[in-house]
Amino acid sequence: MNYAYDDQNIFAKILRGEIPNDTVFENEHALAFRDIRPQAPVHVLVIPKGPYVSLDHFARDASPDEQVGFFAAVSAVCEAEQMPQGFRSICNSRDHGHQEVPHFHMHILGGKPTGPMLSV
Ligand code: DGP
């Protein structure tokens, strides 16, 4: 698979500081911020700082340090947002995954029941 990263995508602009965001957590390798169109009381996006298009791209090509840093951010968000009854994590990839922004991100949604996994 050839993953072509578009550095004009909206999350790349957020990482460069060209667009503001509501940051929840940041470390060397990842940034977590609130989704602009929240679909639950908690709706945070965790993104790597590196140029990865999708989950499969990140899983294949990100370094061990980047992968650890990303999941450290996921852990920090889950701790900070206090979701004792659980949450949903979603990574949409490309067209069939309904991915809107072509920079890998994980949605973390909680604070209410999130329903069945897919509505068909
Ligand atoms: P996805 O379909 O998985 O690619 O979802 C992209 C999400 O990104 C969507 O829930 C809305 C969110 N989003 C789009 N543009 C912005 C933005 O400029 N700021 C923030 N915080 N979120 C955005």
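Ligands are counted one by one from 1 in listed order, and the atoms in each one are counted from 1 as well. In what follows, every heavy atom counts, from backbone to side chain, and hydrogens, waters and symmetry copies are set aside.
Tracing side-chain contacts under 4.5 Å through hydrophobic residues (I, L, V, M, F, W, Y), one never reaches Val53 starting from Ile90; they form parts of separate clusters.
Between the CZ atom in Phe71 and the NE2 atom in His29 there is a gap of 14.0 Å [rounded to 0.5 Å].
Within 4.0 Å of ligand 1, the residues that place a heavy atom are Ile10, Phe11, Ile14, Phe33, Arg34, Asp35, Ile36, Arg37, Leu45, Asn92, His98, Gln99, Glu100, Val101, His105, His107, listed by chain and number.
Exactly one residue among Glu26, Glu66, His103 makes a side-chain contact (heavy atoms from CB on, under 4.5 Å) with Lys49. That residue is Glu26.
No side-chain donor-acceptor contact under 3.5 Å links Ser63 and Asp65.
At most 12 heavy atoms of other shown residues, nucleotides or ligands fall within 6.0 angstrom of atom CD in Gln85.
Taking both residues in full, the closest heavy atoms of Val101 and His105 are given as O-CE1, 3.2 Å, listed atom of the first, atom of the second, then distance.
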